[in-house]
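Only one structure is covered here, and it is reproduced in the block below.
These values consider heavy atoms only, across backbone and side chains, with no hydrogens, waters or symmetry-generated copies. Everything quoted here is computed from the prediction, not taken from an experiment.
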Amino acid sequence: MNCELEKPRHVVRKFHSRPQHEGVGAVVRRSIGRFELRYFDPFLVLDEFSVAAPAGFPDHPHRGFETVTYMLEGAVMHEDFQGHKGLIKAGDLQWMTAGRGIVHSEMPADQGVSKGLQLWVNLSSKNKMIEPKYQEIQSKDIASTSKNGVTVRVIAGESMGIQSPVYTCTPTMYLDFTLKPSSHLQQPIPSSWNAFVYILEGEGIFGLEKSGPVGAHHVLLLGQGDGLEVVNRSSKMLRFVLIGGEPLGEPVAQLGPFVMNTDEEIDQTVDDFQYFVNGFEKARHWRSEAMLD
């Protein structure tokens with residue numbers, strides 16, 4: 001785990017994610033995908049969401065990217081127009097490849113507040129129109145290990161000698177770290193990838209020893225290097241996710257939940273959705289159970 005990094009990455013930009021309203025009555029802290037940071041190739045959005053019934057994210061479409069839902073508290077019921085339905089509970093992962101088109105809903109399934117992270121990962125032009133698919137892993141089956149005060153849950157990629165079974169169309173790492181007080185981490189990151197940290201709780205020193213500690217709800221964009229170094233000098237636990245991916249280097253055209261490469265492709269997507277063709281055929285007559293209640 002504590003490999004010797006030749007060139008640890010430094011924090012080149014940080015900002016605090018403030019709450020905003022999304023969906024129907026839901027509150028999210030958006031760090032990527034807001035006006036300060038529209039796109040961090042290949043990542044389109046990172047939301048830390050908080051939702052309680054009757055609020056939620058009712059029937060809505062996607063095309064051209066993947067959504068990664070990682071639950072922290074409570075549970076969300078997912079339904080789509082292909083008949084796929086399931087419960088995403090605390091600690092569970094759903095990696096959904098929207099590809100050429102999906103219409104789905106995500107609504108709280110527990111009493112009280114349900115919280116989680118949702119990441120949008122862009123797809124390359126060659127993968128934007130692939131068939132939709134899901135990878136779903138229950139909390140008990142997520143690869144995890146602990147050593148020297150550091151615990152990692154490997155959502156995607158590899159850390160501390162263990163690897164996630166999740167296949168990522170766009171090469172991606174997604175690691176959930178918890179560091180006890182006084183613990184230290186060095187995590188390799190492919191040098192050509194973009195990477196960032198999102199802090200869930202506690203505070204830590206990221207990159208340079210002389211840097212000041214950074215606390216919860218901050219996103220930290222990492223510069224060039226071969227890995228991340230983190231120290232927890234506080235008296236409380238530090239929890240954060242480290243997310244990295246191989247840049248696509250392609251143009252991005254986005255209209256809400258549709259992400260393509262050109263404006264012409266966006267216009268075609270709007271037509272496809274409006275006229276229920278080219279992947280959206282089942283949207284014509286489908287409504288989620290949440291909408292029918």
Expected output: side-chain Asp263 to main-chain Ile266 donor-acceptor under 3.5 Å: no
With the 4.5 Å side-chain cut-off for hydrophobic clustering, are Met173 and Val154 part of the same group? yes
Exceeds 12 heavy-atom contacts within 6.0 angstrom, atom OH of Tyr39: yes
Hey, what do you get for CD1 (Ile243) to CG (Leu175), rounding to the nearest 0.5 Å? 9.0 Å
dist Leu185:CG -> Lys147:NZ (nearest 0.5 Å) comes out at 12.0 Å
If hydrophobic clusters are built by linking Ile, Leu, Val, Met, Phe, Trp and Tyr wherever their side-chain heavy atoms come under 4.5 Å apart, do Leu200 and Ile155 end up in the same one? yes
Would you give the length of the straight line joining atom CG of Leu179 to atom CD1 of Ile205, rounded to the nearest 0.5 angstrom? 11.5 Å
Intermediate values then yes/no, side-chain contact (heavy atoms from CB on, under 4.5 Å), Val103 and Trp286: CA-CA 9 Å; Val103 178; Trp286 181 80; 3.7 Å; yes
CA sep, side-chain torsions, deciding dist, call: Arg153, Ser159, side-chain hydrogen bond (donor to acceptor under 3.5 Å, both in side chains): CA-CA 9 Å; Arg153 306 186 85 220; Ser159 179; over 6 Å; no
Are Glu48 and Arg30 within salt-bridge range, i.e. N to O under 4.0 Å? no
So, taking the atom named OG in Ser234 and the one named CD in Glu203, what distance separates them when rounded to the nearest 0.5 Å? 5.5 Å
So, Trp120 and Glu66: side-chain donor and acceptor under 3.5 Å apart, yes or no? no
One pair to check against salt bridge (charged side-chain N to carboxylate O under 4.0 Å, His left out): Lys85 and Glu289. What are the steps and the verdict? CA-CA 10 Å; Lys85 182 179 178 180; Glu289 291 185 11; 2.7 Å; yes
If we ignore hydrogens and angles and just use 3.5 Å, is the side chain of Asp92 paired with the main-chain N or O of Lys89 as donor and acceptor? yes
Using a strict 4.0 Å threshold on nitrogen-to-oxygen distance, state whether Arg18 and Glu36 make a salt bridge. yes
Single hit among Arg34, His16, Gln20 for side-chain contact (heavy atoms from CB on, under 4.5 Å) with Arg29: His16
Below 4.0 angstrom, N of the basic side chain to O of the carboxylate: do Arg63 and Asp272 qualify? yes
Taking atom types as modelled, is there a side-chain donor on Ser288 or Asp59 under 3.5 Å from an acceptor on the other? yes
Closest non-hydrogen atoms of Tyr70 and Gly91, given as atom of the first, atom of the second and distance, are CE1-O, 3.8 Å
If you measure only the distance, is there a donor-acceptor pair under 3.5 Å linking the side chains of Asn122 and Lys128? yes
So, Asp41 side chain and Gly249 main chain: donor-acceptor pair closer than 3.5 Å or not? yes
Specify whether Phe40 and Phe43 have parallel, tilted or perpendicular ring planes, treating 30° as the upper limit for parallel and 60° as the lower limit for perpendicular. tilted
Does Thr172 reach the main-chain N or O of Thr168 with its side chain, forming a donor-acceptor pair under 3.5 Å? no
Report yes if the distance between the aromatic ring centroids of Tyr134 and His78 is under 6.0 Å, otherwise no. yes
Return yes if a side-chain donor-acceptor contact under 3.5 Å exists between Thr69 and Gln118, otherwise no. yes
If you look at every heavy atom in Pro58 and Met107, which pair is closest and at what distance? N-SD, 3.6 Å
About how many Å separate OG1 of Thr67 and CE of Met96, when rounded to the nearest 0.5 Å? 3.5 Å
Can you measure from CG (Asp226) to CD (Gln187) and round to the nearest 0.5 angstrom? 11.0 Å
Glu106 side chain reached by His60 side chain, heavy atoms, under 4.5 Å: yes
Modelled atom types, side-chain donor and acceptor of His84 and Glu136, under 3.5 Å: yes
With clusters defined by side-chain heavy atoms of hydrophobic residues (ILVMFWY) lying less than 4.5 Å apart, directly or transitively, does Val51 cluster with Met77? no
Do His62 and Phe65 pass the ring pair (Phe, Tyr, Trp, His ring centres under 6.0 Å) test, and can you show the C-alpha distance, the side-chain angles, and the key distance before you say yes or no? CA-CA 8 Å; His62 292 298; Phe65 60 97; 5.1 Å; yes
Heavy atoms, side chains only, cut-off 4.5 Å: are Leu222 and Val12 in contact? no
Please determine if Asp176 and Arg239 form a salt bridge, counting it only when a charged side-chain N lies under 4.0 Å from a carboxylate O. yes
Quick one, Ile142 with Leu93, criterion side-chain contact (heavy atoms from CB on, under 4.5 Å). Give me CA distance, side-chain angles, the key distance, then yes/no. CA-CA 8 Å; Ile142 290 179; Leu93 169 73; 4.2 Å; yes
Within the 4.5 Å heavy-atom criterion, are Val113 and Glu73 side-chain neighbours or not? no
Minimum heavy-atom distance between Ala253 and Asn261, given as atom pair plus value: CB-C, 3.9 Å
Between Tyr174 and Val241, is a side-chain contact (heavy atoms from CB on, under 4.5 Å) present by the stated rule, with each step listed? CA-CA 7 Å; Tyr174 189 146; Val241 292; 3.9 Å; yes
Distance-only donor-acceptor check, side chains Tyr198 and Ser17, under 3.5 Å: yes
Note: Gly33 and Val45 closest approach over all heavy atoms is CA-CG2, 4.3 Å
Joint hydrophobic cluster, Phe49 plus Val219, side-chain heavy atoms closer than 4.5 Å: no
Verify the distance criterion only: is there a donor paired with an acceptor across the side chains of His184 and Glu229 at less than 3.5 Å? yes
Cys169 versus Leu123, closest heavy-atom pair with distance: CB-CD2, 3.6 Å
For Ser125 and Glu250, run side-chain hydrogen bond (donor to acceptor under 3.5 Å, both in side chains): C-alpha distance rounded to whole Å, both residues' side-chain angles, the deciding distance at 0.1 Å, then the answer. CA-CA 8 Å; Ser125 55; Glu250 297 180 349; 3.2 Å; yes
Do Val214 and Phe240 belong together in a cluster built from hydrophobic side chains that touch within less than 4.5 Å? yes
Taking it one step at a time, do Leu238 and Thr178 satisfy side-chain contact (heavy atoms from CB on, under 4.5 Å)? CA-CA 6 Å; Leu238 165 65; Thr178 303; over 6 Å; no
Is the shortest heavy-atom distance from the side chain of Asp47 to the side chain of Leu117 under 4.5 Å? no
May I ask you to decide if Phe258's main-chain N or O and Thr269's side chain share a donor-acceptor pair within less than 3.5 Å? no
Provide the closest heavy-atom pair for Ala109 versus Leu87 in the form atom of the first, atom of the second, distance. CB-CD1, 3.3 Å
Hey, would you say the Phe280 and Tyr275 ring centroids sit under 6.0 Å apart? no
